[in-house]
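First the structure, in the form of structure tokens, and then the observations on it.
Order of the sequence lines fixes the chain letters, A, B, ..., with proteins taken first and strands second; residue numbering starts at 1 for each chain. Small disclaimer: the values here were computed from a predicted structure and weren't measured.
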Protein chains: 2
Amino acid sequence: MDQLSRTFAALADPTRRDLVARLSAGDASVAELAAPYAMSLQAVSKHVAVLERAGLVSKRRDAQRRPVHLEAEVLAPVTDWLELYRRRAEDRFQRLDEVLAELAADEAYPQTAVFARPPRNTRPEGTNR
Amino acid sequence: MDQLSRTFAALADPTRRDLVARLSAGDASVAELAAPYAMSLQAVSKHVAVLERAGLVSKRRDAQRRPVHLEAEVLAPVTDWLELYRRRAEDRFQRLDEVLAELAADEAYPQTAVFARPPRNTRPEGTNR
DNA sequence: CGCATAATCAACCATTTGGTTGACGACGGG
DNA sequence: CCCGTCGTCAACCAAATGGTTGATTATGCG
């Protein structure tokens, strides 16, 4: 699994998002993290391990405790990905010449609408597994 | 499953992210979307359904075709969530008085480090399922 | 009408996921 | 030294995921 998939998957769980939220306020041990939840310590330990595999979190070593630290900078690429395609879609939506082109296309192919015009650009990123 | 989890989960798959990327360039039918992949049309249809359940995509109706349209605005809450906690972590990292407070705490509780000080704020968002 | 195309539905399968309980290893305090 | 705490490892389980094939439903074209 690629990095971006691991990160999105890690954040797709409400418990793990809550862990990230709490860790944004400061480091915490696994036991401290586990306390509020109605689930076993082992389950929380697994959640932390998922965050760690995604690079979202790291563990120090302090006696028996393993203080967990949020690596907030790895959130940036995720934001970047989201913003790239959100902006791309909105830019396209707002461009006037595009709208005019669609009108022209509607005249040329009245029954097959906009989407059916000759393909323009497909697969901006090669990302099939 | 909550909205944010559905969105993150939808984007955790490379094929689905590729679909979003391609749809950011314009609407496309399911068959058009399926063409580049080494998988069945039904599989792609399922992927589109996942995106639709997450609200990332909508389908129009045009004869037999179901042109798929990217609803880019639902990406915004995801970006907002990410930026909130990234910024919170970085702000904390940069605040000088925080650093001084940690030093003071280290003197008060020498063996139990920073993370073990009296809890400050836990659970900014109630999000355990 | 009858056929080809677009898409979904349905059943099935293998793998992953999120949780459990139980056992174990590492460490520090009395 | 021994006990209690912190954390992980291992095995297990139910449910969700990502794919398959086969059948079914709409729709437009000749």
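- Taking atom CE on A/M39 and atom C1' on D/dG7, their separation rounds to 17 Å, with Å as the unit.
- Taking 3.5 Å as the limit, the base of D/dG22 and the side chain of B/Q42 contain a donor-acceptor pair of atoms between them.
- For a distance-only test at 3.5 Å, the side chain of A/Q64 qualifies as a donor-acceptor partner of the base of C/dC27.
- Summarising the geometry, the separation between NE2 on A/H47 and C1' on C/dT20 is reported as 12 Å, rounded to the nearest angstrom.
- Rounding to the nearest 0.5 angstrom, the gap separating the OG1 atom in A/T79 from the CH2 atom in B/W81 is 10.0 Å.
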**Stepwise salt bridge (charged side-chain N to carboxylate O under 4.0 Å, His left out) check, B/E90 with B/R87** = CA-CA 5 Å; B/E90 288 182 359; B/R87 200 168 299 137; over 6 Å; no
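- Rounded to whole angstrom, the span from the CE atom of A/M1 across to the C1' atom of C/dT17 amounts to 11 Å.
- Put simply, CZ on A/R65 is 13 Å from C1' on C/dA26, counting in whole angstrom units.
- Place A/V30 and B/A63 on DNA chain D by their nearest nucleotides, and A/V30 ends up nearer the 5' end.
- Taking only side-chain nitrogens and oxygens, A/K46 never comes nearer than 4.0 Å to OP1 or OP2 of C/dT20.
- Between A/R61 and A/A9, the one whose closest nucleotide on DNA chain C sits nearer the 5' end is A/A9.
- Atom-to-atom distance recorded for A/L82:CG and B/L11:CG is 6.5 Å, nearest 0.5 angstrom.
- There is a side-chain donor-acceptor pair under 3.5 Å between B/R17 and A/S5.
- The nearest heavy atom of DNA chain D to B/R53 and to B/L41 marks one nucleotide each, and the one closer to the 5' end goes with B/R53.
- Between B/H69 and B/V57, every side-chain heavy-atom pair lies at or beyond the 4.5 Å cut-off.
- Across the protein-nucleic acid pair, B/R66 atom CZ and C/dA7 atom P stand 7 Å apart, rounded to whole Å.
- For B/S40 and D/dT20, the shortest distance from a side-chain N or O to OP1 or OP2 is below 4.0 Å.
- Closest approach to the A/A43 side chain among D/dG18, C/dT20, D/dC6 is made by C/dT20 (side chain taken as heavy atoms from C-beta onward).
- One can place CD of A/E32 at 8 Å from P of D/dG7, the figure rounded to the nearest angstrom.
- Distances shorter than 4.0 Å separate some side-chain N or O of A/S45 from OP1 or OP2 on D/dT8.
- Taking atom CD on A/E52 and atom P on D/dT8, their separation rounds to 8 Å, with Å as the unit.
- At least one side-chain nitrogen or oxygen of B/R16 sits closer than 4.0 Å to the OP1 or OP2 atom of D/dG18.
- When the P atom of C/dT17 is taken as reference, atom CG of A/L51 falls 13 Å away, rounded to whole Å.
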